[in-house]
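Values in this document were obtained by computation on a predicted structure and should not be read as measured data.
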Amino acid sequence: MIKVLHAIDGRAWGGAERVVAMLASGLRERGNSVSIWTSRRGGCANIFREKLKNDVKVKELPLSNDADIISMIHFYRALKKYDIVHIHLSHSAVLCAVALLFMSKYYRRKVVCHFHGFIANPKHYQKFMHGICVSNAVENFIREKMPWMRTWCVYNGIDLEEALVSCPLLPSSNKVRIGYLARMSEGKGHEDLIKAFANLGRSENVELLIGGDGKLMPYLQNLAKELDLADKVKFLGFVDPKEAFSFWKSVDIACFPSYTEGFSLSVLEATASHLPVVAYANPFYLEVFDGAAVLVPIGDIAKLSCSLKKLLDNKDLRSRYGKLAYERAEKFSKDVMVDRVLSIYNEILRGM
């Protein structure tokens, strides 16, 4: 049995938190002892407890800023108590690094940093030796920025059984629906998608469903009105992660116009729902889809529109790409992710 601590300082329930929950659940199922520390500000502790019941100890800490002495002391104690300390996101990394200043180099070996994307300041990770990266693209980035760190690539996973049993979020429609589920922030490409859809939206048999919220929502809603698409672009607002598969079961084509991604769980959920995918050809999508999606040059709105139209006009083509997408999704299961992480833990512990 391995005693593992996951520390994550996210401010809201998102992809990284969902990965932590899946890892914790899978590690417990394999007979290990697992604890989770999460930020008081994020409001995630209750969600972790709901998902993991009493199998995993969940504790709230400040994890608030780089001068959080309380959390530093907790990390100091944890490094002596746990076999593996698995940290996620930057504040946890900084606070754990400060604790390591007062300990021998031996304790650095038991810390694993999980890189969920391309946002990582090298100075925050100088004390660490081991890193898990969610894609080859992220791993290449980390190796370039932090050459001192030993890295492994572990793809995020999803529960394929959940995809099979989920019901549609919305009633069925005689229209062909294009869907996108993502936070409305810079780089996610919502504006490009709406503009591409403008070339298709004059038809009565197509509509665009956008799930998610964020600071860009008012701007995007106004853009849809300016393009005379207010009745064809449906903004659903925040979609609970528990209903992500249900969202995808309500659409016919998934579109991901994101300019950059570390690893998007939403993409896997769409592919596990047998949906054909049109996306920008950023490194992550090239890596994950491997020919199982229609990829167009980043920022090319005309080609994005053209690719969507081809799928709209050809049901057989949609079915073919949906089948290819599901075959790719089968390679990204929760069990594969957990087994890979557990093997890394064992490799690290053998080296100690």
Aromatic ring proximity [X]/[Y], centre distance under 6.0 Å:
{"X": "Tyr125", "Y": "Phe115", "result": "yes"}
{"X": "Trp37", "Y": "Phe48", "result": "no"}
{"X": "Phe263", "Y": "Phe284", "result": "yes"}
{"X": "Trp248", "Y": "Phe256", "result": "yes"}

Between [X] and [Y], is there a donor-acceptor pair closer than 3.5 Å when you use the side chain of the first and the backbone of the second?
{"X": "Ser305", "Y": "Ile301", "answer": "no"}
{"X": "Asp83", "Y": "Ile2", "answer": "no"}
{"X": "Ser307", "Y": "Leu304", "answer": "no"}
{"X": "Glu287", "Y": "Ala137", "answer": "yes"}
{"X": "His130", "Y": "Arg109", "answer": "yes"}
{"X": "Arg49", "Y": "Val58", "answer": "yes"}
{"X": "Lys110", "Y": "Leu79", "answer": "yes"}
{"X": "Lys249", "Y": "Ala163", "answer": "yes"}
{"X": "Ser173", "Y": "Lys175", "answer": "yes"}
{"X": "Arg318", "Y": "Pro276", "answer": "no"}

Are [X] and [Y] ion-paired here, with the side-chain N under 4.0 Å from a carboxylate O?
{"X": "Glu17", "Y": "Lys51", "result": "no"}
{"X": "Lys315", "Y": "Asp252", "result": "no"}
{"X": "Lys215", "Y": "Glu186", "result": "yes"}

Find out whether [X] and [Y] are in side-chain contact, i.e. whether some heavy atom of one side chain is under 4.5 Å from a heavy atom of the other.
{"X": "Tyr326", "Y": "Glu330", "answer": "yes"}
{"X": "Ser250", "Y": "Arg177", "answer": "yes"}
{"X": "Ser25", "Y": "Glu29", "answer": "yes"}

Report yes or no: do Val85 and Val94 belong to one cluster of Ile/Leu/Val/Met/Phe/Trp/Tyr joined by side chain heavy-atom distances under 4.5 Å?
no
Polar contact flag, side-chain donor to acceptor under 3.5 angstrom, Asp9-Ser39:
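Judged by distance alone, the side chains do not pair up.
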Around atom [atom1] of [X], are there more than 12 heavy atoms of other residues, nucleotides or ligands at under 6.0 Å?
{"X": "Leu101", "atom1": "CG", "result": "yes"}
{"X": "Asn54", "atom1": "CG", "result": "no"}
{"X": "Lys309", "atom1": "NZ", "result": "no"}
{"X": "Ile70", "atom1": "CD1", "result": "no"}

Value rounded to 0.5 Å, distance of [atom1] in [X] from [atom2] in [Y]:
{"X": "Cys153", "Y": "Ile344", "atom1": "SG", "atom2": "CD1", "result": "9.0 Å"}
{"X": "Arg108", "Y": "Met129", "atom1": "CZ", "atom2": "CE", "result": "8.5 Å"}
{"X": "Met103", "Y": "Lys127", "atom1": "CE", "atom2": "NZ", "result": "13.0 Å"}
{"X": "His116", "Y": "Leu89", "atom1": "NE2", "atom2": "CG", "result": "5.5 Å"}
{"X": "Arg183", "Y": "Asp213", "atom1": "CZ", "atom2": "CG", "result": "5.0 Å"}
{"X": "Asn46", "Y": "Glu50", "atom1": "CG", "atom2": "CD", "result": "8.5 Å"}

Would you call the rings of [X] and [Y] parallel, tilted or perpendicular, where under 30° means parallel and over 60° means perpendicular?
{"X": "Phe289", "Y": "Tyr285", "answer": "tilted"}
{"X": "His6", "Y": "Tyr345", "answer": "tilted"}
{"X": "Tyr180", "Y": "His190", "answer": "tilted"}

Apply the test side-chain hydrogen bond (donor to acceptor under 3.5 Å, both in side chains) to residues Ser264 and Glu261: give CA-CA distance (whole Å), side-chain angles for both, the deciding distance (0.1 Å), then the verdict.
CA-CA 7 Å; Ser264 167; Glu261 284 288 349; 4.7 Å; no
On a heavy-atom basis, the closest approach of Ile8 and Leu63 is O-CD1, 3.7 Å
Apply side-chain contact (heavy atoms from CB on, under 4.5 Å) to Ile210 and Ile194, showing your working.
CA-CA 10 Å; Ile210 298 179; Ile194 293 173; 4.1 Å; yes
